[in-house]
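Report on the following structure.
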Protein chains: 2
Amino acid sequence: MKMNNSKVDSLLTGGESGELTDKQKRIVEAAIEMFSEKGFAASSTSEIAKRAGVAEGTIFRHYKTKKELLLAIVTPVMGNLVAPFIVKDLEKVLEKDYEFYEEFLEAMVRNRQAFIQKHLSIVRILVQEIPFHEELRGQFIEHVAKDLYARFANIVSHFQEKDELVQMPPSSVVRLTISSILGFFLARYIFLPEHEWNEEEEIEMTIQFIMNGVKAR
Amino acid sequence: MKMNNSKVDSLLTGGESGELTDKQKRIVEAAIEMFSEKGFAASSTSEIAKRAGVAEGTIFRHYKTKKELLLAIVTPVMGNLVAPFIVKDLEKVLEKDYEFYEEFLEAMVRNRQAFIQKHLSIVRILVQEIPFHEELRGQFIEHVAKDLYARFANIVSHFQEKDELVQMPPSSVVRLTISSILGFFLARYIFLPEHEWNEEEEIEMTIQFIMNGVKAR
DNA sequence: TACTTAAATGAGTGATTACTCACTTTACAA
DNA sequence: TTGTAAAGTGAGTAATCACTCATTTAAGTA
């Protein structure tokens, strides 16, 4: 297996069962590969088993259904999408660490980019499967999108109060900021992954672009 | 059928066979619904036939394979994604109709938004299926992405020469512009379609945001 | 009206699928 | 070493799938 095992270790062992058995790891790894390459619906448990080097029945020893396997893979990653925003005493952290919105923005973009890079296949699965799975979409909206918007809006308010950002509904600043970043990440990682991207330059440019778009005038 | 038939008429009859028969139309409409709701792989020809009110074999009278049905649906729409940019004598059109990049941008965003709205289900299918179908992705890259970038870059150059836009590689301006718009459209139509969007306001805001990001300083 | 061609049908086909379960193998404790 | 529980296996199951094709129906022409 050429798979980078840190992908399995770092996020998928936080469950109630703790450590995954070797075979379970291989099942998860094979499923991650297949789901991201072919999509959930076009990936058969038979092929996942073959790829993992286990019997098909073994998959169902560990996961009741094929869908449960999918959810076990994407749920932790989805839960972590908002991670940088879940900080106690956010105001204090902002005051201490980020004098300007630009600094916060840069830290956040780089942090999320590193996260995406690290869990690329799983993020791909998430993006690709959300339109087709009600429970996934429901979770995404309730536990990611809403939370992200609310917390991010607080951050924007913080910098608006320092007259750093343009006076506009915070949720609008959030929406514009996220759209730009999302548009870049999706093109970069989902739609045109083979394109030659100068990542560093694109990130820098995106941040400047966003800053020019939302700074106080 | 509650389906708006203009979706079938306006883009899917330009083929070599001209008019579609009534049953063919119903097959296409049912397939559009199913593919966009469930994805290609999870949509069965049996269910498409049932939804269209025809026998399953009828699908294969008109389309050799299920994949051919998919391609017949998305290919015309994909070909039209670049339509606004395929104009003879582009320079003359720009000089005559668009004094500022902002005017061009607004016209283009509204035009594409109207197009997406009109062919929403098909655009959804396209976006959802591109990661899984090599030929789709190949076509998208060769006939849409590259063309769009090249032509858009010419447009940006045009306005840069008028000192209207910041001096930066045209392809970068294109990338930033498209990322913002793409991010908005994807959130609006694919990831969070149930959210209450004030479309007019969001478009206006997005255009101002982009202009602030790329206008000459 | 009869004949021919085209369109549509639906039963059938071989393959594939998610999952089950009887059996086998492995791991652990006494 | 023996016994028990856990993990793993792979043949089998009922259902589903994309597609075929013999037959029926519909449409058009003379």
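Throughout, a chain's letter reflects where its sequence line sits, starting with A, and its residues are numbered from 1. Any value given below was found using the heavy atoms of this structure, including those in side chains, with hydrogens, waters and symmetry copies removed.
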Pairs under 3.5 angstrom, nitrogen or oxygen only, protein versus nucleotides 5-10 of chain C, please.
residue	atom	partner	partner atom	Å
C/dA7	OP2	B/Arg61	NH2	3.0
C/dA8	OP2	B/His62	NE2	3.0
C/dA8	O3'	B/Lys23	NZ	2.9
C/dT9	OP1	B/Lys23	NZ	2.9
C/dT9	OP2	B/Ala55	N	2.8
C/dT9	OP2	B/Thr58	OG1	2.5

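By the neighbour-count criterion of 12 heavy atoms within 6.0 Å, atom CD of A/Glu134 is sparsely surrounded, having that number or fewer from other residues, nucleotides or ligands. In the displayed structure, B/Lys50 atom NZ is contacted under 6.0 Å by at most 12 heavy atoms of other residues, nucleotides or ligands.
Residue pairs meeting the ring pair (Phe, Tyr, Trp, His ring centres under 6.0 Å) criterion with at least one partner in residues 54-87 of chain B, sequence neighbours excluded, are B/Phe85-B/Phe152.
No hydrogens or angles considered: a donor-acceptor pair under 3.5 Å links the side chains of B/Tyr189 and B/Gln113.
Contacts of B/Lys96 classified as salt bridge (Lys or Arg N to Asp or Glu O under 4.0 Å), with partners at least two apart in sequence or in another chain: none. With sequence neighbours excluded, the residues forming a salt bridge (Lys or Arg N to Asp or Glu O under 4.0 Å) with B/Glu37 are B/Arg51, listed by chain and number.
Cation-pi geometry between A/Lys66 and A/Phe40 is met: under 6.0 angstrom from the ring centre, within 45 degrees of the axis.
B/Met78 pairs with exactly one of B/Leu136, B/Ile73, B/Leu71 by the side-chain contact (heavy atoms from CB on, under 4.5 Å) rule, that one being B/Leu136. Remark: of the listed residues A/Glu200, A/Glu103, A/Glu199, A/Glu200 is the sole one forming a salt bridge (Lys or Arg N to Asp or Glu O under 4.0 Å) with A/Arg110.
Atom NZ in B/Lys66 sits roughly 13 Å away from atom C1' in C/dT16 (whole-Å rounding).
Taking the screw axis at each terminus of the helix from C/dT1-D/dA30 to C/dA30-D/dT1 from five consecutive base pairs, the angle between the two is 0° to within rounding of 10 degrees.
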| Steps toward salt bridge (Lys or Arg N to Asp or Glu O under 4.0 Å) verdict (A/Lys25, A/Glu29) | CA-CA 6 Å; A/Lys25 278 178 193 166; A/Glu29 282 159 10; over 6 Å; no
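Among the protein residues, A/Ser44 comes within range of the sugar-phosphate backbone only, with heavy atoms under 4.0 Å from sugar or phosphate atoms but none that close to a base.
First and last contacts of DNA chain D with chain B, using any nucleotide atom under 4.0 Å from a protein heavy atom and ordered 5' to 3', fall at D/dC17 to D/dT20.
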